[in-house]
Amino acid sequence: MARIRISELLNNGANFLGEKIEIKGWVRAFRSKRFVQLNDGSCMANIQGVIDFEKFEEAALRPISTGAAVCLKGILVESQGSGQAVELQVESFEIIGSADPDEIQKTILQPKKHSLDLLREQAHLRFRTNTFGAVFRIRHAASFAIHKFFNERGFNYIHTPILTGSDAEGAGEMFRVSTLDPKNPPLDDEGNVDYSKDFFGKQVNLTVSGQLEAELAALGLGQVYTFGPTFRAENSNTSRHLAEFWMIEPEVAFNDLFDNMDLTEAFLKYIGTYILDNCGEDLSFLDQRYTQEQSQKPQNERSHLGLIESIQFITNNDFKRLTYTEAIDVLRNSKAYKKKRFEFPVEWGTDLQSEHERYLVEKEFKCPVILRDYPSGIKAFYMRQNDDGKTVAAMDVLFPGIGEIVGGSQREERLDVLKSKCKDFNIDEKELWWYMETRKFGTVPHAGFGMGFERLVMFLTGMSNIRDVIPFPRARDNAEF
RNA sequence: GGUCCCAUAGCUCAGCUGGUUAGAGCAUACGACUGUUAAUCGUGGGGUCGCAGGUUCAAGUCCUGCUGGGACCGCCA
């Protein structure tokens, strides 16, 4: 007898009515010694197994306890109860893996509400909860939708290296990778660690971005994207930073900044639509959770939209586009500014603070915002210099509740300008000789962006801590599991 | 790196200006009931009040230090 997945039975129950089938899963609850709620992870909903307890020894039923893995065999019938359309009339069962109730009681598997904190401490078990089942099914669907989007548009998926020898990516502190003996490393004449004796003959780190390599690929394959892990050794301690996270970085030859914004917007809308179309059950569960969470916040911090509504809002409305300079004006003319509500000054040439971004997105425009043309001084060396001489063709996409979800730019394709930028930023162009050469031979305008995958999943699931949208979060002082 | 908060049962929390034997809900165990949907009803077990000092006749409660955890900010995706 073949095992049928629970999602199959609940979605297409009619096909199996009256048939003898087998299901396997974990017991979520065993009520009245008669009703087993079984979940196998294929969907949010449980299937109900109905056991005629008079036909079985009481001792035999005892191991059907919360958390146990069981196999149920029986006939699928229309349910006599009201909560479900079909149920399994159990003829026989088998305990695959038992779970001692006394021990279960100490875990998050005990059937009651738990704080996200506690769930995180038991990340090895949280896949068995409704919330994390939904989150990780949606995470999968989003990641699938991303590949689908790019594939439909003729992009090539590029696997950029995770180990990198270039120290010039400039996106943050890096994790060093070495096979040298940490207690007794080889030293050079000046007493410094001699990395020429290390595995790669030079100092090597975990990547902080695949962008530079993706550019090389785009300047040949035309349009590419990366989707891989990224590592930053920043001492960040917030609900939206991780030391290990997944990033998507498309790069397109012949695109300018405006093509880039169009691509970003189409991309985010496509994923939103895909999730709305394919994850209804999980979304509506998370939507309820989200609404309940919002209701516990003070009135002025609440979102005026539900989870599903905010995804629909993204897919149905154009993003607000304005320049950094215009944003500064908007902020300076705002009531919040005049009433001195901002903690940090609003000044052309400095980076916008979180409070400013949040004001633009949540108060002023109430929709996703794309800011562009930032002052050159606050952005990376590879971003294309605008004709005004003061700004670069950079863009950031800001989302409600999350802040910066995408950062991108048109890249500097003019060799002479790039060289002088390297000087300004104190970057050794010799170390990036391969990057410079693409500007020497058939250079073209091109553009791309980087999106933090977990931040997108936060938006799609309504989870407010980034550590709750990745299976095993790595953050400062935290590498458990 | 900065600022601020928290620590009482397996979990979530209450415990007033210090005062007798530290409570509740859920979970768990046992019993009853049996078409339940967070099932219901009854009974029981479960606590060195994070740790170490101090003040006091008396500390879960006040003070100091330590440990553990969280929130926000900065850095960014």
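Below, read A as the first sequence line, B as the second, and so on, with proteins coming before strands; counting in each chain starts at 1. Computed from a prediction, not measured in an experiment: that's the story for all the values here.
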Tell me what [X] touches on the nucleic acid: a base, only sugar-phosphate, or nothing, going by heavy atoms under 4.0 Å.
{"X": "A:Q48", "result": "base"}
{"X": "A:K112", "result": "base"}
{"X": "A:G450", "result": "sugar-phosphate"}
{"X": "A:I108", "result": "nothing"}
{"X": "A:T230", "result": "nothing"}
{"X": "A:D117", "result": "sugar-phosphate"}

[X] [atom1] - [N] [atom2] separation (whole Å):
{"X": "A:R240", "N": "B:rC72", "atom1": "CZ", "atom2": "C1'", "value": "10 Å"}
{"X": "A:I104", "N": "B:rC11", "atom1": "CD1", "atom2": "C1'", "value": "14 Å"}
{"X": "A:D52", "N": "B:rU34", "atom1": "CG", "atom2": "C1'", "value": "11 Å"}

Below 4.0 Å: OP1/OP2 of [N] and any side-chain N or O of [X]:
{"X": "A:S32", "N": "B:rG35", "result": "no"}
{"X": "A:R28", "N": "B:rU36", "result": "no"}
{"X": "A:R31", "N": "B:rC33", "result": "no"}
{"X": "A:N465", "N": "B:rG70", "result": "no"}

Using the [atom1] atoms only, state how far [M] lies from [N], rounded to an integer number of Å.
{"N": "B:rG70", "M": "B:rA77", "atom1": "C1'", "result": "23 Å"}
{"N": "B:rG25", "M": "B:rA32", "atom1": "P", "result": "23 Å"}
{"N": "B:rU21", "M": "B:rG15", "atom1": "C1'", "result": "15 Å"}
{"N": "B:rC51", "M": "B:rA7", "atom1": "C1'", "result": "11 Å"}

**Request:** Could you tell me the separation between the CG atom of A:L352 and the CG atom of A:L331, rounded to the nearest 0.5 Å?
**Result:** 6.5 Å
**Item:** Inter-residue atom distance A:S409.OG - A:D256.CG, 0.5 Å rounding
**Value:** 12.0 Å
Ignoring hydrogens and geometry beyond distance, is the side chain of [X] in donor-acceptor contact with the base of [N] at under 3.5 Å?
{"X": "A:S354", "N": "B:rC73", "result": "no"}
{"X": "A:H241", "N": "B:rC76", "result": "yes"}
{"X": "A:R455", "N": "B:rC76", "result": "yes"}
{"X": "A:Q105", "N": "B:rG46", "result": "no"}
{"X": "A:Q110", "N": "B:rU28", "result": "no"}
{"X": "A:Q84", "N": "B:rU36", "result": "yes"}

**Request:** With sequence neighbours excluded, tell me which residues meet ring pair (Phe, Tyr, Trp, His ring centres under 6.0 Å) with A:F56.
**Result:** A:F93
**Message:** Parallel, tilted or perpendicular, judged at 30° and 60°: which one describes the rings of A:F399 and A:F319?
**Reply:** perpendicular
**Item:** Nucleotide nearest A:H114 (side chain, heavy atoms from C-beta), chosen from B:rC73, B:rA29, B:rC11
**Value:** B:rC11
**Complete:** Of B:rC72, B:rU37, B:rC73, the nucleotide closest to the side chain of A:S239 is B:rC72
**Message:** Is it the case that the side chain of A:R332 and the backbone of A:V346 share a donor-acceptor pair, with hydrogens and angles ignored and the cut-off at 3.5 Å?
**Reply:** yes
**Request:** Would you check if A:F245 stacks with the base of B:rA77, given a 5.5 Å centroid limit and a 30° plane limit, both strict?
**Result:** yes
**Prompt:** Watson-Crick or G-U wobble partner for B:rA52, using a 3.5 Å limit on both distances?
**Reply:** B:rU64
**Complete:** Result for 5'-nearest mapping on RNA chain B, choosing between A:E58 and A:D477, is A:E58
**Message:** I want to confirm an ordering. Mapping A:Q89 and A:L118 to their closest nucleotides on RNA chain B, which one lands closer to the 5' end?
**Reply:** A:L118
**Message:** Does A:F132 form a ring pair (Phe, Tyr, Trp, His ring centres under 6.0 Å) with A:F127? I'd like the steps, not just the answer.
**Reply:** CA-CA 5 Å; A:F132 285 90; A:F127 298 102; 8.0 Å; no
